[in-house]
Amino acid sequence: MMQPLTALNNVQKARLLHALLLQEIPPFLEYTSEMCVYIVNHTEEVQAVWNNPLISFGLWVELSKDAHLKILKYGRNIERSSSLFADQLFDGYGACFLVHCLTTYVEQCKHTDPKFTTAVELFFHP
């Protein structure tokens, strides 16, 4: 029996997102990698507009580096495996960064399937 949506944690939600919309995951991961590289290569610019009182900018940079390393390390496997995708990228504080990437990705309409926006909103927005 499936749990109610409100009882799911970020890892479980990410696993479902991956399983339901697998074709959207490779371009999302590419977008996330680009965002990670941008943050590292433009730290002064990003820090100048940083306004998140809950997470320090230094932690944000570390979360982006960690996400990028995992995407590189697991390569195509993280694109294909719902559990690897969710466990590696949406556990702990890393989920904060990845949810931001998901939100930005759908806000910029980078995806091809409109259902991806609906799924992100359903799973990751209160």
Would you please test Lys115 and Glu24 for side chain to side chain contact (heavy atoms under 4.5 Å, CB included) and show each step? CA-CA 10 Å; Lys115 292 180 192 105; Glu24 289 294 336; over 6 Å; no
With rounding to the nearest 0.5 angstrom, report the [atom1] to [atom2] distance, [X] to [Y].
{"X": "Asn41", "Y": "Glu34", "atom1": "CG", "atom2": "CD", "result": "12.0 Å"}
{"X": "Asn52", "Y": "Cys96", "atom1": "CG", "atom2": "SG", "result": "8.0 Å"}
{"X": "Lys73", "Y": "Leu84", "atom1": "NZ", "atom2": "CG", "result": "9.0 Å"}
{"X": "Tyr93", "Y": "Asn10", "atom1": "OH", "atom2": "CG", "result": "13.0 Å"}
{"X": "Gln47", "Y": "Ser56", "atom1": "CD", "atom2": "OG", "result": "9.5 Å"}

Mind listing the closest non-hydrogen atom pair of [X] and [Y] along with its distance?
{"X": "Asn9", "Y": "Val11", "value": "OD1-N, 3.0 Å"}
{"X": "Leu21", "Y": "Asp113", "value": "CD2-OD2, 3.5 Å"}
{"X": "Leu89", "Y": "Ala67", "value": "CD2-O, 4.1 Å"}
{"X": "Ser64", "Y": "Cys36", "value": "O-SG, 3.1 Å"}

Can any side-chain N or O of [X] pair as donor or acceptor with the backbone N or O of [Y] at less than 3.5 Å?
{"X": "His18", "Y": "Ala14", "result": "no"}
{"X": "Ser33", "Y": "Leu29", "result": "yes"}
{"X": "Thr104", "Y": "Cys101", "result": "no"}
{"X": "Gln88", "Y": "Phe85", "result": "no"}
{"X": "Glu79", "Y": "Ile25", "result": "no"}

For Val120 and Thr117, what are the C-alpha separation, side-chain angles and deciding distance, and is it a side chain to side chain contact (heavy atoms under 4.5 Å, CB included)? CA-CA 5 Å; Val120 169; Thr117 299; 5.9 Å; no
Check whether any side-chain heavy atom of [X] sits under 4.5 Å from a side-chain heavy atom of [Y], and report yes or no.
{"X": "Leu102", "Y": "Phe116", "answer": "yes"}
{"X": "Thr32", "Y": "Leu98", "answer": "yes"}
{"X": "Asp87", "Y": "Arg15", "answer": "yes"}
{"X": "Val61", "Y": "Lys65", "answer": "yes"}
{"X": "Asp66", "Y": "Leu63", "answer": "no"}
{"X": "Lys110", "Y": "Val106", "answer": "no"}
{"X": "Leu8", "Y": "Leu16", "answer": "yes"}

Stepwise ring-ring contact (aromatic ring centres under 6.0 Å, His included) check, Phe90 with Phe124: CA-CA 11 Å; Phe90 287 85; Phe124 295 104; 5.7 Å; yes
Check whether the side chains of Glu45 and Tyr38 place a donor and an acceptor atom closer than 3.5 Å, and report yes or no.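 Yes, because at least one side-chain N or O of Glu45 sits under 3.5 Å from a partner of the opposite role on Tyr38.
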Can [Y] be reached from [X] by stepping across I, L, V, M, F, W or Y side chains whose heavy atoms are under 4.5 Å apart?
{"X": "Ile39", "Y": "Leu72", "result": "no"}
{"X": "Tyr74", "Y": "Val37", "result": "no"}
{"X": "Trp60", "Y": "Leu69", "result": "no"}
{"X": "Leu59", "Y": "Val46", "result": "yes"}
{"X": "Ile55", "Y": "Val99", "result": "yes"}

Going by the angle between their ring planes, with limits at 30° and 60°, are [X] and [Y] parallel, tilted or perpendicular?
{"X": "Phe57", "Y": "Trp50", "value": "perpendicular"}
{"X": "Tyr105", "Y": "His111", "value": "tilted"}
{"X": "Phe97", "Y": "His100", "value": "tilted"}

